[in-house]
Amino acid sequence: MVDLSVSLAGVTLRNPIVAAAGTCGYVDELAEVLPPNRLGALVTKSITREPREGHPPWRLIGVPQGMLNAVGLANMGLDRFLAEKLPAADGIDTVVIGSIAGNSVDDYCQVAAAMDAEDRLPIVELNVSCPNTGDGLVFGEDAARLGALLGEVRAVLGRTKMFVKLSPNVGDVTAMAAAAVDAGADGLTLINTVAGMAIDVERRTPRLGAGADGGGLSGPAIHPVAVRMVHDVYRAIAKPAGVPLIGLGGVMSWQDAAELVLAGATAVGMGTALFVDPRAPIAVVSGLAKWVQRQGCGAITELVGRVNSA
Ligand SMILES: Cc1cc2nc3c(=O)[nH]c(=O)nc-3n(C[C@H](O)[C@H](O)[C@H](O)COP(=O)(O)O)c2cc1C
């Protein structure tokens with residue numbers, strides 16, 4: 001059998017498939033339908049220091065080739081997460097990655113320090129698609145601001161690896177990737193949802209509850225955007241720096257996952273696919289194994305970044 005295991009900054013995953021942040025609950029909510037030991041890793045819902053109610057309905061709507069969401073980072077907050085949800089990580093056989101969100105540098109640092117103090121989360125993933133409540137600017141859309149945030153978070157982390165989840169809603173994603181790596185990121189995750197909006201033409205109002213703020217587009221519609229961004233970030237930043245990528249965006253099949261691997265992803269996330277079929281990762285893992293074999297390789301790692309694009 002081929003070797004599907006991969007290393008994310010020294011953390012070994014049994015296979016490259018990762019259940020994406022915000023699409024598989026806090027820790028073990030999907031475990032009954034999708035046994036965690038079929039996954040390489042799962043990412044928690046993004047956790048904030050204080051509980052967040054999130055946006056009013058509608059929070060999720062289907063659009064052609066995808067989904068728009070405006071969940072608004074609804075979550076129970078750090079204290080309850082640590083007390084009520086994180087202990088479940090001990091009972092499941094996969095790597096659990098802790099996702100962090102916040103509205104200030106201090107927010108991120110407090111959640112990061114608390115997660116670092118646990119021994120259940122070998123990696124944290126910073127969701128930087130949040131506006132700073134101090135000035136309203138989004139951390140992940142400004143390289144200087146991103147670098148400053150990551151420098152502070154890096155300083156509070158001990159052995160935990162720091163991954164940064166990049167937003168596609170920027171002019172030059174490689175500049176953001178460079179800023180993240182310069183500030184000490186151990187890995188990058190890309191892409192988060194693409195900014196979008198849907199309008200009810202009879203009522204003449206936005207269809208999502210976040211109103212004028214719209215929502216985030218995910219699913220097959222964004223897959224080619226993800227492939228391109230992973231490809232570009234791998235070549236310009238990740239490969240030279242030796243930093244692993246978790247690539248995601250619209251992965252529904254093993255072919256979609258294989259594309260991201262060839263573009264440069266060491267691991268591949270699945271989010272929207274879990275809403276269609278929570279067991280979809282199982283078929284993707286087995287399809288990848290057969291593909292690696294057909295390619296004449298003994299390990300999937302031999303295929304990372306190996307697209308022949310001159
Ligand atoms: C309903 C929903 C909730 C999400 N919540 C989060 C979240 O809490 N934190 C985060 O970093 N990304 C979140 N995402 C983004 C996904 O993790 C992923 O980056 C994005 O959906 C693209 O992958 P996909 O096309 O496979 O869904 C969410 C996506 C969806 C659809």
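Along the sequence shown, residues are numbered consecutively beginning with 1. When a ligand or atom number is given, it counts from 1 through the structure's own listing order.
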Candidates Ser46, Pro220, Ser167; heavy atom nearest atom 7 (C) of ligand 1 found on Ser46
Could you tell me if Lys45 sits above the aromatic ring of Tyr26, with its cationic atom closer than 6.0 Å to the ring centre and no more than 45 degrees from the axis? yes
Main-chain N/O of Gly249 paired to His223 side chain as donor or acceptor, under 3.5 Å: yes
Under a 4.0 angstrom heavy-atom cut-off, which atoms of ligand 1 come close to Gly250? 24 (P), 25 (O), 26 (O)
Quick check: does any side chain N or O of Asn75 sit under 3.5 Å from a backbone N or O of Leu73, one acting as donor and the other as acceptor? yes
Could Asp28 and Lys85 be called an ion pair, given the rule that one side-chain N must be under 4.0 Å from one carboxylate O? no
Check whether any side-chain N or O of Ser99 sits under 3.5 Å from a backbone N or O of Ala21 as a donor-acceptor pair, and report yes or no. no
Is Asp107 salt-bridged to Arg49, cutoff N-O under 4.0 Å? yes
Closest non-hydrogen protein atom to atom 5 (N) of ligand 1, residue and atom name please, with distance? Gly22 CA, 3.3 Å
Gly249 touching ligand 1 at heavy-atom level, < 4.0 angstrom: yes
Nearest-contact summary for atom 21 (O) of ligand 1 - protein heavy atom, Å: Ser218 CB, 3.3 Å
Does any N or O in the side chain of Tyr108 come within less than 3.5 Å of the main-chain N or O of Asn127, such that one atom is a donor and the other an acceptor? yes
Considering only non-hydrogen protein atoms, determine which one is nearest to atom 29 (C) of ligand 1 and report residue, atom name and distance to 0.1 Å. Asn69 ND2, 3.7 Å
Do any heavy atoms of Ile191 fall under 4.0 Å from ligand 1? yes
Quick check against the 3.5 Å criterion: does Asp256 have a side-chain atom that pairs as donor or acceptor with the backbone of Ser253? yes
Gly219 heavy atoms, cut-off 4.0 Å: which ligand 1 atoms fall inside? 25 (O)
Is a side-chain N or O of Arg207 found less than 3.5 angstrom from the main chain of Ala198, in a donor-acceptor match? no
Would you tell me which option among Asn127, Val268, Val194 has the nearest heavy-atom contact to atom 11 (O) of ligand 1? Asn127
Which residue and atom name correspond to the protein heavy atom nearest atom 20 (C) of ligand 1, and how close is it? Thr193 CG2, 3.8 Å
Which of the atoms of ligand 1 are close to Lys165, meaning less than 4.0 Å from one of its heavy atoms? 10 (C), 11 (O), 12 (N), 15 (C), 16 (C), 17 (O), 18 (C), 19 (O)
Can you tell me the protein heavy atom closest to atom 15 (C) of ligand 1 and the distance? Asn192 OD1, 3.5 Å
Any idea which part of His223 is under 4.0 Å from ligand 1, heavy-atom wise: side chain, backbone, both or neither? neither
Sidechain N-carboxylate O distance under 4.0 Å for Asp116, Lys161: no
Would you say Gly271 has any N or O atom under 3.5 Å from an N or O of ligand 1, going by distance alone? yes
Taking Asp200 first and then Arg204, would you say they form a salt bridge - that is, a charged N and a carboxylate O separated by under 4.0 Å? no
Looking at non-hydrogen atoms alone, which of Gly72, Gly54, Ala21, Ala19 comes nearest to atom 13 (C) of ligand 1? Ala21
In ligand 1, the atoms that come under 4.0 Å of a heavy atom of Phe275 are 1 (C)
Heavy-atom distances under 4.0 Å are what count here, so tell me which part of Thr272 touches ligand 1: side chain, backbone, both or neither. both
Any heavy atom of Met67 under 4.0 Å from ligand 1? The part involved is side chain
Select the closest option to atom 1 (C) of ligand 1 among Leu60, Val43, Thr48, Leu73, judged by heavy-atom distance. Leu60
Counting only N and O atoms by type, is there a donor-acceptor contact under 3.5 Å from the side chain of Gln293 to the main-chain atoms of Ala289? no
